[in-house]
J.: 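Quick one: this structure, given as structure tokens, is what I'll be asking you about.
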Amino acid sequence: MNEGTPFILRLTRWTCTDDCKYRCMHEITDVDTRSGNPVQQYYGKWPFWRVIGIQEPASVLFSLLNLWAHARGGSAIRSKLPKYHPMRPYYLMWSMISINSWIWSSVFHTRDLPLTEQLDYFAAALSILYALYGAIIRLFHLYPLPQTTRLTHSAKPAKSWNHTFLTIVCSLIYIAHVSYLSLLPRFDYTYNIIFNTTLGLLHNALWAIYSLPASLSILRRFPSQPKSYRPKFVSKAALFVILTTAATALELFDFPPWARVIDAHALWHLATAPIALMWYDFLIEDSLDNSWREQRL
């Protein structure tokens with residue numbers, strides 16, 4: 001870019017070619033709009049008005065809203081769950097991984113570049129995979145329970161082989177996923193969508209099973225209780241699955257952005273923030289059930 005280019009565009013990595021494409025895209029879109037023709041996509045993207053160099057301002061704003069939701073949720077986990085609760089470190093780690101994911105989502109929607117795209121996709125895949133990992137640990141009771149030794153009377157978490165095996169498998173899956181997408185000559189968008197969707201569906205399916213009526217219970221929600229034990233808050237997991245599925249469906253009904261600012265993807269980001277807040281509230285309520293006290297906590 002030349003010296004006459006505004007500093008904010010240079011800061012957000014707009015080259016002369018990029019800026020030319022941006023201006024031409026909107027000029028053509030203006031002509032289409034006046035002529036009554038449908039708005040077209042350019043380079044796989046809808047035409048958005050940029051703001052202070054930000055390519056998709058609505059998606060950036062809503063990504064930051066999600067970042068705040070997970071930061072708030074993590075803070076609630078730290079303040080409300082006792083430090084010795086076996087699920088506390090997993091929920092805090094998920095909060096940090098999710099914050100990282102929304103940081104890179106904000107960066108990617110600020111400037112869609114090959115590097116920012118990969119960082120966004122890889123961070124998102126990690127948060128989805130870790131959510132599934134945490135769900136398996138919680139629902140199949142693989143969390144290490146503190147065990148007190150006779151000599152020191154100190155609580156030491158004892159991890160099972162199943163826990164270790166799950167950790168290794170999930171780690172290898174993520175490494176293979178990132179390696180495959182990084183080493184290809186071209187990014188495999190179809191595979192990436194299938195990978196993330198599959199993980200998300202498995203995660204939602206597990207929590208849907210958790211929320212089944214007492215008469216249909218498959219999982220023992222708490223080891224110290226029978227399968228029929230179903231506190232009222234369990235239904236919130238089913239609500240989460242329904243809302244998450246509905247929010248994800250926004251991605252399927254893509255449409256030209258309203259006022260060249262808000263599209264279906266931005267609305268999806270907007271919808272996930274309150275769902276995240278609701279989910280943290282559920283996780284805390286589940287973790288504070290009296291049944292945990294009977295699991296050597």
Side-chain angles (χ1 to χ4, degrees), residues 58-77 80-81 87 90-102 105-106 109 120 123-139 193-214 216-219 221 230-255 257-258 262-289:
S59 288
V60 171
L61 176 63
F62 299 150
S63 292
L64 292 175
L65 182 62
N66 277 274
L67 188 157
W68 168 82
H70 284 279
R72 182 181 180 276
S75 178
I77 293 291
K80 295 182 180 180
L81 293 194
M87 288 306 300
Y90 298 101
Y91 293 154
L92 289 177
M93 178 60 71
W94 181 63
S95 172
M96 289 187 287
I97 289 174
S98 297
I99 289 172
N100 176 70
S101 175
W102 289 109
S105 174
S106 303
H109 290 299
D120 175 39
L126 179 59
S127 67
I128 298 171
L129 179 59
Y130 195 88
L132 176 60
Y133 171 76
I136 294 173
I137 287 176
R138 164 62 186 89
L139 299 179
I193 292 174
I194 293 174
F195 179 85
N196 290 329
T197 301
T198 301
L199 295 182
L201 289 175
L202 288 173
H203 173 266
N204 287 354
L206 287 176
W207 284 108
I209 293 172
Y210 164 92
S211 65
L212 287 173
L216 301 175
S217 294
I218 298 175
L219 296 173
R221 298 175 183 85
R230 188 183 186 277
K232 291 183 178 180
F233 61 77
V234 167
S235 298
K236 293 182 180 180
L239 178 60
F240 165 80
V241 171
I242 294 171
L243 292 177
T244 303
T245 303
T248 305
L250 286 169
E251 291 281 71
L252 303 178
F253 301 101
D254 199 14
F255 55 82
W258 301 332
I262 296 179
D263 67 337
H265 187 76
L267 290 178
W268 173 58
H269 285 338
L270 176 62
T272 54
I275 293 174
L277 292 174
M278 183 202 79
W279 188 241
Y280 279 103
D281 288 342
F282 161 75
L283 293 178
I284 291 171
E285 197 168 2
D286 174 76
S287 300
L288 294 179
D289 186 83

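Worth saying up front: this structure is predicted, and the values here are computed from it rather than measured.
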J.: If the condition is side chain to side chain donor-acceptor pair (under 3.5 Å), which residues does His203 pass it with, not counting sequence neighbours?
T.: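 For His203, the residues satisfying side chain to side chain donor-acceptor pair (under 3.5 Å) (neighbours in sequence not counted) are Trp207.
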
J.: Might you point out which heavy atoms bring Asp263 and Ser59 nearest each other, and give the distance in Å?
T.: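 What the structure gives for the nearest pair is OD1-OG, 4.3 Å.
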
J.: Would you compute the distance between atom CG of Leu81 and atom CG of Leu283 and round it to the nearest 0.5 angstrom?
T.: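 Separation between the atoms: 8.5 Å.
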
J.: Once side chain to side chain donor-acceptor pair (under 3.5 Å) is applied, do any residues pair with Tyr91, and if so which ones, sequence neighbours excluded?
T.: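 For Tyr91, no residue satisfies side chain to side chain donor-acceptor pair (under 3.5 Å) once neighbours in sequence are set aside.
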
J.: When rounded to the nearest 0.5 angstrom, what is the spacing between CZ in Phe62 and OG in Ser106?
T.: 12.0 Å

J.: Taking only residues two or more places apart in sequence or in another chain, which ones pass ring-ring contact (aromatic ring centres under 6.0 Å, His included) with Trp68?
T.: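 Here no residue qualifies.
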
J.: Please name all residues satisfying salt bridge (Lys or Arg N to Asp or Glu O under 4.0 Å) with Asp286, sequence neighbours left out, ordered by chain then number.
T.: Arg138

J.: Parallel, tilted or perpendicular: which fits the ring planes of His265 and His109, with parallel below 30° and perpendicular above 60°?
T.: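 His265 and His109: tilted rings.
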
J.: Go through the structure and list residues passing side chain to side chain contact (heavy atoms under 4.5 Å, CB included) with Thr244, not counting sequence neighbours.
T.: Asn204, Phe240, Thr248, Ile275

J.: How far does CG of Asp120 sit from CH2 of Trp102, to the nearest 0.5 angstrom?
T.: 8.5 Å

J.: Return the set of residues passing side chain to side chain contact (heavy atoms under 4.5 Å, CB included) with Ile193 (not counting sequence neighbours), or none when no residue passes.
T.: Thr197

J.: In Å, rounded to the nearest 0.5 Å, how long is the span from NZ of Lys80 to CG of Leu288?
T.: 8.5 Å

J.: With Ala271, which residues qualify under side chain to side chain contact (heavy atoms under 4.5 Å, CB included), at least two apart?
T.: Ala247, Leu250

J.: What residues, two or more places apart in sequence or in another chain, satisfy side chain to side chain donor-acceptor pair (under 3.5 Å) together with Asp281?
T.: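 Testing Asp281 for side chain to side chain donor-acceptor pair (under 3.5 Å), a comparison that skips the adjacent residues, returns none.
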
J.: For Ile262 and Ala58, work out which heavy atoms get closest and say how close.
T.: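 Looking at all heavy atoms of both residues, the shortest contact is CG1-CB, 3.8 Å.
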
J.: Between Tyr130 and Tyr90, does the side-chain contact (heavy atoms from CB on, under 4.5 Å) criterion hold? Intermediate values first, please.
T.: CA-CA 9 Å; Tyr130 195 88; Tyr90 298 101; 3.6 Å; yes

J.: Hey, could you give me the CG/OG distance between Asn100 and Ser105, rounded to the nearest 0.5 Å?
T.: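 Asn100 CG to Ser105 OG: 11.0 Å, rounded to 0.5 Å.
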
J.: Phe233: which residues meet the ring-ring contact (aromatic ring centres under 6.0 Å, His included) condition with it, sequence neighbours left out?
T.: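 Counting only residues at least two positions away or on another chain, Phe233 forms no ring-ring contact (aromatic ring centres under 6.0 Å, His included).
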
J.: Are Pro231 and Val234 side-chain neighbours, meaning at least one heavy-atom pair lies under 4.5 Å?
T.: yes

J.: At their closest point, which heavy atom of Ala273 faces which heavy atom of Ala69, and how far apart are they?
T.: O-CB, 3.7 Å

J.: Would you mind listing every salt bridge (charged side-chain N to carboxylate O under 4.0 Å, His left out) that reaches into residues 266-278, with sequence neighbours excluded?
T.: none

J.: Name all residues meeting the side chain to side chain donor-acceptor pair (under 3.5 Å) criterion together with Thr245; count only those two or more places apart in sequence or in a different chain, and write none if there are none.
T.: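 Per chain and number, Thr245 pairs via side chain to side chain donor-acceptor pair (under 3.5 Å) with no residue.
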
J.: Answer yes if the ring centres of Phe253 and Trp268 are under 6.0 angstrom apart, and no otherwise.
T.: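 When the ring centroids of Phe253 and Trp268 are compared, they turn out to be at least 6.0 Å apart.
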
J.: Checking side-chain contact (heavy atoms from CB on, under 4.5 Å) for the pair Asp289/Arg221: CA distance, chi angles, key distance, verdict?
T.: CA-CA 11 Å; Asp289 186 83; Arg221 298 175 183 85; over 6 Å; no

J.: Run the side-chain contact (heavy atoms from CB on, under 4.5 Å) check on Leu202 and Leu206 step by step: do they pass?
T.: CA-CA 6 Å; Leu202 288 173; Leu206 287 176; 5.7 Å; no

J.: Who pairs with Glu285 by salt bridge (Lys or Arg N to Asp or Glu O under 4.0 Å), at least two apart in sequence or on another chain?
T.: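 Per chain and number, Glu285 pairs via salt bridge (Lys or Arg N to Asp or Glu O under 4.0 Å) with Lys236.
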
J.: Minimum heavy-atom separation for Leu92 and Gly74, please, with both atom names.
T.: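 Taking Leu92 first and Gly74 second, the nearest heavy atoms are CD2-O, 3.5 Å.
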
J.: Could you tell me the separation between the CG atom of Leu267 and the CH2 atom of Trp258, rounded to the nearest 0.5 Å?
T.: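 Going from CG on Leu267 over to CH2 on Trp258, the span is 5.0 Å.
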
